[in-house]
Structure formats: structure tokens, C-alpha cells
Number of protein chains: 2
Amino acid sequence: MNNLHSQTLPCVLQLALCDYRAIDLAKAKRVQKWQRDPEGMRLRILEAAKQEFAAHGLAGARVDRIAANAGANKRMLYYHVGNKEDLYLAVLEGAYEKIRSEERGLDLEHLDPPEAIERLIDFTWNYFLRNPEFLALLNTENLAKARHLKRSTKVKSMHSPFVEMIRTVVTRGVESGDFRVAVDPVQLYISIAALCFFYLSNSATLSVIFGRDLLKKEARDERLAHMVALVLAALTGKSTADFGKAVGQDVRPPAHQPV
Amino acid sequence: MNNLHSQTLPCVLQLALCDYRAIDLAKAKRVQKWQRDPEGMRLRILEAAKQEFAAHGLAGARVDRIAANAGANKRMLYYHVGNKEDLYLAVLEGAYEKIRSEERGLDLEHLDPPEAIERLIDFTWNYFLRNPEFLALLNTENLAKARHLKRSTKVKSMHSPFVEMIRTVVTRGVESGDFRVAVDPVQLYISIAALCFFYLSNSATLSVIFGRDLLKKEARDERLAHMVALVLAALTGKSTADFGKAVGQDVRPPAHQPV
DNA sequence: CCAGTATTTATCCAACGGGTTAATTTCCTC
DNA sequence: GAGGAAATTAACCCGTTGGATAAATACTGG
């Protein structure tokens, strides 16, 4: 049933017909069956593994599918990375590395405190939108009670710069009078992540429950506006226009949509 | 390796030694090997399945383990419920039924709007704390892109009463002047769920990242206070004392804990 | 151009795991 | 108390799957 034909194909076929030089040199006999490319192979394996683990979880992931989608022989996985769990941990570490790296690129120091918070929410939201596999991987890892993460000194040493960024921004905001209250930066960090993460990670079930597509453009825009308004209203004490659709105006039917 | 010895034991052993009546009646020969109990059996199967799916996800769950933990023969699962996916869907539907039932028991109509919101957050938080399997099941279902939920007319007809509750509470709050702004009840519902869900569902990885136990009593209390303060501050415009530890006071070391 | 090493392919397999078949036992009812 | 349906057990089936082995092929340094 499962067609893994690609596993039987060499990863990079050099088409003999195109090998003009070889023909010119009258050494056409030798047709290379594959090229060496250890770095590229490793990258393709990790990318395929990321997709597979994100789509099916750790237990549901299939080593054969990873190999097939990486255009590699299954043996390559074990040669270049290790067994299934090693592969999974490598993917997880890569995912953390990537977000940490992008986080570092965000410069909030020179912005107004409220603007800085908005940028923070905007970044988090869009990063999650752009990297849905990251959400899935985190859920998978939490299902495993962070068993793998605990063993990874690599990830544990990768601190998010956001907590410190938030700390200074909130301090500045309180001093400037933009913010009314001092908030624990860790709690605020978790809350912002939560508002974005839950909506996107659970969009499938929520969409069924509410009977509408929460991932379509308008819904996403509405959500982002709501989150920014919620957090900024709490911090500044001033309410913005975009807090969410008014309760009174009956944009949607009074009860849930009939399904 | 995997010791499934319990599967070979009858689910309810009547100890012959204790069967005094049978001995008295001189019919001691007949020793019952098991009792009939279809309803009880079905319940034990579903409970064991819930734990198994919550702990390992759909793909990681093992039918043999479910049977063993239910004190049942594997064949019983198929006899009483169906195959693995049927079993999973039954568990999922049961989980939604349970939370919807408890939600209906929450009466917010007669409370002050701010107090009603606090009760709502408090309930959501404690329900998730008391039912960690529910969180895991939702994550599993979202990994499957809500494939099973979509087929369940049962769940789709179980509307949460919370959205309507929030709508009326917010309306009342705006009229009474307690709340400054009208919020979309669906967005607020999702936000409250998000603040609670993410923290608990991701507590394993977050605890590793931050190098401290986010599930211990003090951390949980701090989190609940923060969430209530955040949402109420946004709605009422007034800040409460419990918004979170002040930024200035150095309760924890300036950087992350060394691990 | 040759030897040795790095990389890739082609098979193989033993354990696992979901599901099934058939026989056995209990309990209800007439 | 006998007959039969319902509930339960025991044993088996067979495709899947992670992983291993060994052979083949490409590259590199001498």
C-alpha cells in the first residue's frame, strides 16, 4: 500500500545524456550513479524529519517516510544523524535554535514601550504562523513530558532574549508613565506566547467547535488586533479601538453557527 | 520486555476460598472464572483508553496496554467499542461531554461582571489542572487536524455555554460601567482558555527552559493571579495589586537560573 | 593511478501491534 | 433445567517498522 519507490532511486541522478564533457572526453562509459553531498544530505534529512515529526508526532512518524521525503536511503538517517530519537532531538534542537536566532534579531530597545510590546506580539504571532511545525514539535515534546529536552544541554543553554527585553521595556514603560503597573516579565512572556500559541495550535478543533475557519485572513487579523489590544489595555490602562468587535453589534448570529 | 501478564488473568476473579455459600451448598465444584459486567467493562475500557491516549497520543497508544489496564482481554475493546480509532473518538467525545457538563454548572448570571470573569478564569484554570488528560487529548486531536472531531456530530452539537455567558456578562459590565470596552466574547473565551491551556499544556518544556518547576503550588498561584489581573485590568481599566511581581524587586537572579 | 576512506545502496529480519477467528463460560428466560 | 444469546477468553494472523549487515560506489591524498 505504502509506495516508497523513491527510496530505491539514487538521491541525485546525474543524467548520462547531459554529461557532455564525459562524452567529449570519450570516457562516456563511466556513468555516475550518485553524488556525494554529506552536508546537503544531512540538511535534507533534518528537514524531512521536521515535517514528519510535526505532522505525525514522535510515535506516528515513520523513518521510511523521512528517508523517502529526504530523497535518501533509510540507512542514511542512521549514518548521518542516528536512530529515530536522535533524529527527533536534532530536529527539536534545530527548531529552538531557529526561533532563538530570529528572536535575537528583534530590537525593542529603541521603541516606545507600548510599541515595543506590540512588536513583540506581532513577531510571536507571525513566527508561529510562519512555522507551524514549531508548534507541533513543542506539543509533541510536552506529550513526552519534555523527556528529550531535559537531556539536551544545547537547548537549556539557549535562553530567550525576550524575558530580559520585556523586563527593560516594562521598567521603561513604568518610569515613563506609559504603563501603570509592573508586571513579572516571565508571566507576560508566557501570556503573550499563550495567546498566540493556543489559537494557532488548536485552530483545527476550535474551527470545528465554532463552525468557522479561524485561519482565514480576516479571522487572523481580528485575532492579532484583539491580542494587542488586550495586553496593551492591561498595561497602559487605555483602551484602543481594536479591542474586538462590540458585543452589541450582531455581526454573527446570536447562537453558534448551525453545523 | 513488555510485561502484559495481566491480560492473561480473568478480569474479576472470584476466589474459590471465599465462596462460602457454594461450599455450604456442596456445589463447590463450580468455580466461576469471571463475572459478566458489560457496562462496567465498557467504562473501565474507556477510562484506560483515556489515560493511554492522553499519555502517548493516538499513534503512540497501545491497544494491548489499554486492555491490560482495563483488566480486560484485548478482544473486549473491539467487542464493546470498536477499533483503535473508534476507541479514540469515544474517549474524545466523553472528554468534551464532561467539560461541557461542568461548564453548564457554572452560574455567572448573578455575579458582578468582574467577579463573573474571575470565576470564569478560576474555573477554566482548575478544570485544566484537574483534568490534564483533556489537554493532552486536545493536542492529539489538533495534531490530527481535528480529523476525528469533524466526523463527530455529537461533539459539534455540544456548544459551550461560555460564549453566551461571556456575551451577557460583558454587556452588563459595559452598561454598569464596570468595563470600559465591549469585547468579542469569542475572542475573550479563546484568550482565557489560551492563558490557562498553554501554561499547563506546555509546563514540561517551559519548566526546562526556565529551570524551575512551574507546577508547584506557589507557581500555580502566581500564574492564576497574573491571568485574572491581566484580563480584569484590560476590561476594567483598573489595575489590581496581584498583577504579578514587580519588575524592580529582584525576587530571582537577573538572568535565567543556571541549570 | 592506486589504496583507503567516506558515502550510498540493496537486502534482510525479528519484534511489534492491530485486528480476527473460534472456542468457552455465564446468565437469562421459558 | 435446558436452550440460547450475550459476554469473555485464548490463540493466532500477518503486514508494518525500526534497525542491522554487508556490499557497492565515489572521492581524496599520496
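Here is the naming used below: chain letters follow the sequence lines, and residue numbers restart at 1 for every chain. All of these numbers come straight from a predicted model, not from anything done at the bench.
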Using a 4.0 Å heavy-atom cut-off across all strands, classify B:Ala59 as base, sugar-phosphate, or nothing.
nothing

Given C:dG19, D:dT9, C:dT8, identify the nucleotide with an atom nearest to the side chain of B:Met76.
D:dT9

List the atom of B:Gly60, the atom of A:Ala59, and the distance in Å for their closest heavy-atom pair.
CA-CB, 3.4 Å

Interatomic distance, A:Arg42 CZ vs C:dT8 C1' [rounded to whole Å]
17 Å

Could you write out each protein N or O paired with an N or O of nucleotides 21-24 of chain C at a distance under 3.5 Å?
unit_1 : atom_1 : unit_2  : atom_2 : d
C:dT21 : O4     : B:Arg75 : NE     : 3.0

Round to the nearest Å and state the distance from A:Tyr88 atom OH to D:dG18 atom P.
16 Å

Rounded to whole Å, please give me the gap between CG in B:Leu77 and P in C:dG17.
15 Å

Kindly indicate whether the side chain of A:Arg62 and the base of D:dT17 share any N or O donor-acceptor pair separated by less than 3.5 Å?
no

Side chain A:Lys74 and base D:dG19 donor-acceptor under 3.5 Å
yes

Which atom pair, heavy atoms only, marks the closest approach of B:Phe128 to B:Ile99?
CE2-CD1, 4.3 Å

Side-chain donor-acceptor contacts of residues 200-209 of chain A below 3.5 Å, not counting sequence neighbours, with atom names and distances?
unit_1   : atom_1 : unit_2   : atom_2 : d
A:Ser201 : OG     : A:Asn139 : ND2    : 2.8
A:Ser203 : OG     : A:Leu200 : O      : 3.0
A:Thr205 : OG1    : A:Asn202 : O      : 3.2
A:Thr205 : OG1    : B:Asn142 : OD1    : 3.4
A:Thr205 : OG1    : B:Asn142 : ND2    : 3.1
A:Ser207 : OG     : A:Ser203 : O      : 2.7
A:Ser207 : OG     : A:Arg212 : O      : 3.3
A:Ser207 : OG     : A:Leu214 : N      : 3.1

Restricting to side chain to side chain contact (heavy atoms under 4.5 Å, CB included), what partner residues turn up for A:Glu97, sequence neighbours left out?
A:Lys154, A:Met158

Interatomic distance, B:Asp64 CG vs D:dA11 P [rounded to whole Å]
15 Å

What nucleotide, of D:dT17, C:dG18, D:dT8, holds the atom closest to the side chain of B:Tyr79?
D:dT8

Rounded off to whole Å, could you give me the NZ-to-P distance for the A:Lys84 and D:dT17 pair?
9 Å

Whole-Å gap separating P (D:dA7) and CG (B:Asp37)
10 Å

Ignoring backbone atoms, test whether A:His80 places a side-chain nitrogen or oxygen under 4.0 Å from the OP1 or OP2 oxygen of C:dT8.
yes

In whole angstrom, give the distance that lies between atom CG of A:Asn73 and atom C1' of D:dT17.
15 Å

By side chain to side chain contact (heavy atoms under 4.5 Å, CB included), A:Asn83 pairs with (sequence neighbours left out) A:Tyr78, A:Glu85, A:Asp86

Quick check for you: among C:dT20, D:dG18, C:dC27, whose closest atom lies nearest to any side-chain atom of B:Tyr78?
C:dT20

Side chain to side chain contact (heavy atoms under 4.5 Å, CB included) partners of A:Leu87, counting only residues at least two apart:
A:Ile45, A:Leu46, A:Ala49, A:Phe53, A:Ile66, A:Leu77, A:Val81

Round to the nearest Å and state the distance from A:Met41 atom CE to C:dT7 atom C1'.
8 Å

Go through C:dA10, C:dT20, C:dT7 for me and flag the one nearest to the A:Arg36 side chain.
C:dT7

With sequence neighbours excluded, what pairs up with A:Leu188 under the side chain to side chain contact (heavy atoms under 4.5 Å, CB included) test?
A:Ile117, A:Ile166, A:Val170, A:Val183, A:Ile192, A:Val231, A:Leu235

